[in-house]
Amino acid sequence: MSDDIFKKIISHAKEYGFIFPSSEIYDGLSAVYDYGQYGSELKNNIRKYWWKSMVQMHSNIVGIDAAIFMHPTTWKASGHVDAFNDPLIDNKDSKKRYRADVLIEDYAEKQFEKAEKEIEKAKKRFGDTFDEALFRSTNPRVLEYRQKGEDATAKMAALLDANDLDGLKKHIEDLEIVCPISGSRNWTDVRQFNLMFDTKIGSVSEGAETIYLRPETAQGIFVNFMNVYKTGRMKIPFGIAQTGKAFRNEIVARQFIFRMREFEQMEMQFFVRPGDEMKWYESWREERMKWHLAMGIPAEKYRWHKHEKLAHYANAAADIEFDFPFGFKELEGIHSRTDFDLTAHQTHSGKKLQYFDPETNESYVPYVVETSIGLDRTFLAVFSHAFEEQTLEDGSVRTVLKIPPFLAPIKVAVLPLVKKDGIPEVANKILDDLREDYMVQYDEKDAIGRRYRRQDAIGTPFCITIDYETLENNTVTIRHRDSMEQRRIPAAELSAYIASELKPKKT
RNA sequence: GCGGAAGUAGCUCAUUUGGUAGAGCGAAAGCCUUCCAAGCUUUAGGUGGCGGGUUCGAGCCCCGUCUUCCGCUCCA
């Protein structure tokens, strides 16, 4: 059902110039897409809406545009080099994939549990006279289990450090670890999945250094913290915002533009005094949800998802999920990142990344509350929610994109009712007047009803029609996309009227 | 990456057992029209994903490959 709608949405996106598969004439490139003539407009408008809300509307937030290439140490400090390098292994019978290190850790955990069980059993047997500490340190069974577990993880750590994947596989086989699903020991080789893209910097290939395409934009903000703080006369609390491309070599990339290898993030890192972070975390959660709702999309399409298991850098995290055609999925994350990143960069760079607080007369590494939203995902949220096939009273079907007017790629279509009697000339005059302020389109081909439908299909909120009455009193009709209703207004008032209709909703 | 399904015009699809491709919508040019798709004329657009094999002959059968879609571990 919704699968069907999703397919229609993808087709529509292509057919009307919103999104094309990348390099399609060469059969495309998996999980990479291009934005077409209307798609890039919509995407730009969403980005502008975000930038205005975050930067222009906050006197204590500034924007930057950091490079995609960054010094390789950045990613050691951020934890991405380690966290994004997973050794994976498949069980050939169950077809399940596991992280090799997790399998071994689970095995070790099992050994520890066995040791605890021995202790429990002994407790029951000896009753009150039981000396747990003595038993724990002397019982051969307990010691053996604990030793097994510790050996397993110690050896694993050594193998991981040496990047010895064959050794890791042998280790799993030696420990006789079985797949929890199939129960078999029929394992594939261990393979390393590096989720960061790398490339070489330097024109000569020897001596060239491996660098990564950033997997998140946030680090470009952290490494510029001192620059912005010093040159921008910033006082805590303050934020730094940035939009830009990020790259992840996802193992599976799916669901149209929802998960792409190359995607665009809109992030804001908000620097606060340590201890204040929960207050700001709550406040930004509220503010970000308002931003979504101000697009006029109903609240029931959104929900919160609180993280139980936190990433290595966070002490609180929640996601805004959106009801996509394939279900509720993450759209934006609001994370309290503590001082993890700045402290890590301070350690790795040897440079002080601290804020001097004149009120308390002391320096500290600020805490960070991050808002991080996927631009492509927001695009998909807006687009998929806007897509509608309406059955009208006469039984005809109207395909319409109910994109929030202020985000629509084309704001106004100017349509002469007929192609004669000087009407196109008047229409072109009006078109030129509006072009200065709005993305406009002119169409004189085919019956008027068909032209309306064409504009509906690309989400144009307003169609202006010039008719014979225009020639008499210089008034035109303006048709609203969603209601299909028209009103007649003087041509001179058009620009002001449209401007007032294009404001985002206040919440 | 593994398993399953599928790749024919911009989109949705047809071509019944192999005989060298069609429709609807869409697009373009024009005609007709004073306000909500489907009026008329004309036109463009496909090396049937790509490569190989079987055959007198392959969109259809076989193999390989690429891509997409649906499930699994990662994530914005």
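Chain letters run A, B, ... following the sequence lines, proteins first and then strands; every chain starts at 1. None of these values were measured; they are calculated from a predicted model.
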Which nucleotide in the set [options] lies at the smallest distance from any side-chain heavy atom of [X]?
X      : options             : value
A:S11  : B:A27, B:A76, B:U12 : B:U12
A:V418 : B:A27, B:A76, B:U33 : B:U33
A:R259 : B:C36, B:C11, B:C75 : B:C75
A:Y33  : B:C35, B:A76, B:C69 : B:C69
A:K420 : B:U33, B:C11, B:A76 : B:U33
A:K445 : B:A76, B:A28, B:C11 : B:A28
A:S372 : B:C35, B:A76, B:U33 : B:A76
A:F263 : B:C35, B:A76, B:U68 : B:A76
A:M484 : B:A76, B:C36, B:C35 : B:C36

Quick check with a 6.0 Å cut-off and a 45 degree axis cone: is [X] positioned over the face of [Y]'s six-membered ring?
X      : Y      : answer
A:R303 : A:F328 : yes
A:R479 : A:Y452 : yes
A:R47  : A:W50  : no
A:R377 : A:F258 : yes
A:K43  : A:Y35  : yes

Have a look at [X] and say if it touches a base, only the backbone sugar-phosphate, or nothing, with a 4.0 Å heavy-atom cut-off.
X      : result
A:E264 : nothing
A:L392 : nothing
A:R450 : sugar-phosphate
A:F324 : nothing
A:K419 : base
A:R479 : base
A:T477 : base
A:E15  : base

Nearest-angstrom distance from the residue atom [atom1] of [X] to [atom2] of [N]:
X      : N     : atom1 : atom2 : result
A:M196 : B:A76 : CE    : C1'   : 16 Å
A:Y16  : B:G10 : OH    : P     : 15 Å
A:D456 : B:C35 : CG    : P     : 18 Å
A:R261 : B:C74 : CZ    : P     : 16 Å
A:D443 : B:A27 : CG    : P     : 9 Å
A:K14  : B:C69 : NZ    : P     : 13 Å
A:F6   : B:G71 : CZ    : C1'   : 15 Å
A:E321 : B:C75 : CD    : P     : 14 Å

Looking only at atom [atom1], what distance separates [N] and [M], rounded to whole Å?
N     : M     : atom1 : answer
B:A21 : B:U16 : P     : 13 Å
B:C40 : B:U8  : P     : 30 Å
B:C50 : B:A37 : C1'   : 39 Å
B:U55 : B:U20 : C1'   : 14 Å
B:C61 : B:A6  : P     : 10 Å
B:G45 : B:C11 : C1'   : 13 Å
B:C62 : B:G18 : C1'   : 13 Å
B:A27 : B:G53 : P     : 43 Å

Suppose we define a pair by two distances each less than 3.5 Å, Watson-Crick or G-U wobble; what does [N] pair with here?
N     : answer
B:G71 : B:C2
B:C32 : none
B:G10 : B:C25
B:C61 : B:G53
B:U47 : none

Cut-off 3.5 Å, side chains only: do [X] and [Y] have a donor facing an acceptor?
X      : Y      : answer
A:Q242 : A:E267 : no
A:N315 : A:S336 : yes
A:H80  : A:Q219 : no

Output yes when at least one side-chain N/O atom of A:R454 is less than 4.0 Å from OP1 or OP2 of B:A27, else no.
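Indeed, a polar side-chain atom of A:R454 lies that close.
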Return yes if the base of B:C75 and the side-chain atoms of A:R377 contain a donor-acceptor N/O pair under 3.5 Å, otherwise no.
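Under the 3.5 Å cut-off, the side chain and the base do form a donor-acceptor pair.
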Side chain of A:Y452, base of B:C35: donor and acceptor closer than 3.5 Å?
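Yes, a donor-acceptor pair under 3.5 Å.
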Would you mind telling me which residue lines up with the more 5' stretch of RNA chain B, A:L331 or A:E24, judged by nearest nucleotide?
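Result of the comparison: A:E24.
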Measuring from atom OH of A:Y16 to atom CZ of A:R454, what distance do you get when rounded to the nearest 0.5 angstrom?
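Taking OH in A:Y16 and CZ in A:R454, the distance rounds to 9.0 Å.
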